[in-house]
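Chain naming here is simple, since letters A, B, ... match the order of the sequence lines and numbering starts at 1 in each.
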Protein chains: 2
Amino acid sequence: MGGSMADLIEAYLKELLRDNPHGIIEIRRRELADQFRCVPSQINYVLETRFPFEKGYLVESRRGGGGYIRIMRLQWRTERDLFAEIAELISDAISAQRAEELLIRLVEARILEEREAIMLRGLVEQSITSIEPEMQDRLRATLLRNLLIVTLRR
Amino acid sequence: MGGSMADLIEAYLKELLRDNPHGIIEIRRRELADQFRCVPSQINYVLETRFPFEKGYLVESRRGGGGYIRIMRLQWRTERDLFAEIAELISDAISAQRAEELLIRLVEARILEEREAIMLRGLVEQSITSIEPEMQDRLRATLLRNLLIVTLRR
DNA sequence: CTGACTTTGACCTTTCCTGACCTTAATTAA
DNA sequence: TTAATTAAGGTCAGGAAAGGTCAAAGTCAG
């Protein structure tokens with residue numbers, strides 16, 4: 001928490017996020033960079049290091065004229081490090097059994113509805129059946145992670 | 001929505017389409033261009049990027065005096081049409097963009113719920129990114145097909 | 001001094017906007 | 001009835017306007 005440029009930009013963006021009732025903001029990379037007198041790629045650095053999924057944020061963007069960067073704060077943070085924990089549990093591969101356990105936990109924690117969990121399980125297992133077995137755990141992890149990202153968003 | 005001119009024109013046309021019970025509208029290119037203070041070819045750009053067949057639109061036009069541009073939103077008439085077209089659109093490989101377009105279309109056609117679409121969209125947009133690039137389009141096709149089968153069977 | 005974090009800049013990709021030039025259809029003049 | 005004119009819309013390439021990536025250089029606590 002020094003006075004580094006990255007810290008300043010981070011603080012500024014988080015203030016904007018707090019001020020926005022939906023926890024969603026849109027910025028122009030170039031503008032923000034000018035505002036802080038830094039190079040545009042510095043903004044990317046801040047986004048990567050301060051607003052990653054594990055910390056409860058989603059970032060999407062569009063290039064070209066009228067481009068933008070949209071930062072969303074994920075809600076449902078009943079547990080402070082919920083997202084970090086999910087990310088850690090899933091990592092880059094996860095067995096069917098561990099995935100099942102995770103889903104049960106999420107339901108018990110009332111983070112997922114029962115039928116949402118059922119749907120997620122069905123989607124994931126169905127999707128990976130035709131994939132080579134060696135790939136399945138990795139694909140399951142990717143699928144589950146992304147499903148959870150989008151499900152827990154907003 | 002960046003508020004680029006293309007976005008504005010797109011929104012305007014889609015509103016017209018929604019207001020029209022048959023999902024068919026006719027415009028004058030020159031007129032529309034004047035209305036938005038842009039060059040006429042900008043209209044073509046919007047039509048190509050926002051209303052292509054893959055996204056469920058048909059555009060036809062006529063030159064010369066009394067010329068026009070007609071935009072139609074396509075609808076699936078039967079379930080058979082739906083699955084046939086899904087199968088065709090997906091085939092054994094599908095790009096991220098095509099997949100996204102298909103999902104948007106399914107939502108617009110009210111075949112998928114918004115919540116379901118969000119979940120599936122998360123998959124097709126992001127899940128594949130950690131897989132080797134050469135495999136992505138094929139894997140995406142497999143995934144999407146299975147996901148849709150599971151989801152649409154209810 | 002070293003390793004982690006930060007900052008910068010060169011180069012890349014995507015998306016958008018414009019203008020010059022082309023094609024087609026309807027209308028009018030000969 | 002033709003031929004010329006006028007009134008549409010179509011194409012394409014180039015430039016501009018974003019944002020993305022990556023690696024090298026800088027900084028700083030320990």
Minimum-distance nucleotide to R28(B) side chain [options: dG9(D), dT7(C), dC16(C)]: dG9(D)
Donor + acceptor pair across side chains of N20(B), R73(B) (<3.5 Å): no
Within the structure shown, what part of the strands sits under 4.0 Å from R30(B) by heavy-atom distance: base, sugar-phosphate, or nothing? sugar-phosphate
Salt bridge (charged side-chain N to carboxylate O under 4.0 Å, His left out) partners of R50(B), counting only residues at least two apart: D7(B), E10(B)
Sorted by chain and number, sequence neighbours left out, salt bridge (charged side-chain N to carboxylate O under 4.0 Å, His left out) with K55(B) holds for none
Give every pair of a protein N or O atom and an N or O atom of nucleotides 21-23 of chain C that lie under 3.5 Å apart, one pair per line with the distance.
unit_1, atom_1, unit_2, atom_2, d
dT23(C), O4', R63(B), NH1, 3.1
dT23(C), O2, R63(B), NH1, 2.6

What contact category does G65(A) fall into here, base, sugar-phosphate, or nothing, at under 4.0 angstrom with non-hydrogen atoms? base
Using a cut-off of strictly less than 4.0 Å between a heavy atom of the residue and any atom of DNA chain C, enumerate the qualifying residues of residues 31-43 of chain A by number. C38(A), V39(A), S41(A), Q42(A)
Take atom CG of N44(B) and atom P of dT24(C), then tell me their distance rounded to the nearest Å. 15 Å
What nucleic acid atoms does R70(B) come within less than 4.0 Å of, heavy atoms only: base, sugar-phosphate, or nothing? nothing
List, with names and distances, any nitrogen or oxygen atoms from the protein found under 3.5 Å away from nitrogen or oxygen atoms belonging to nucleotides 1-3 of chain C.
none

Atom CD of E60(B) and atom C1' of dA8(D) are separated, to the nearest Å, by 16 Å
Measure from CE on M5(B) to C1' on dC16(C) and round the result to the nearest Å. 11 Å
Each nucleotide in nucleotides 23-30 of chain D should get exactly one letter: B, S or -. Can you fill that in based on protein heavy atoms under 4.0 Å? --------
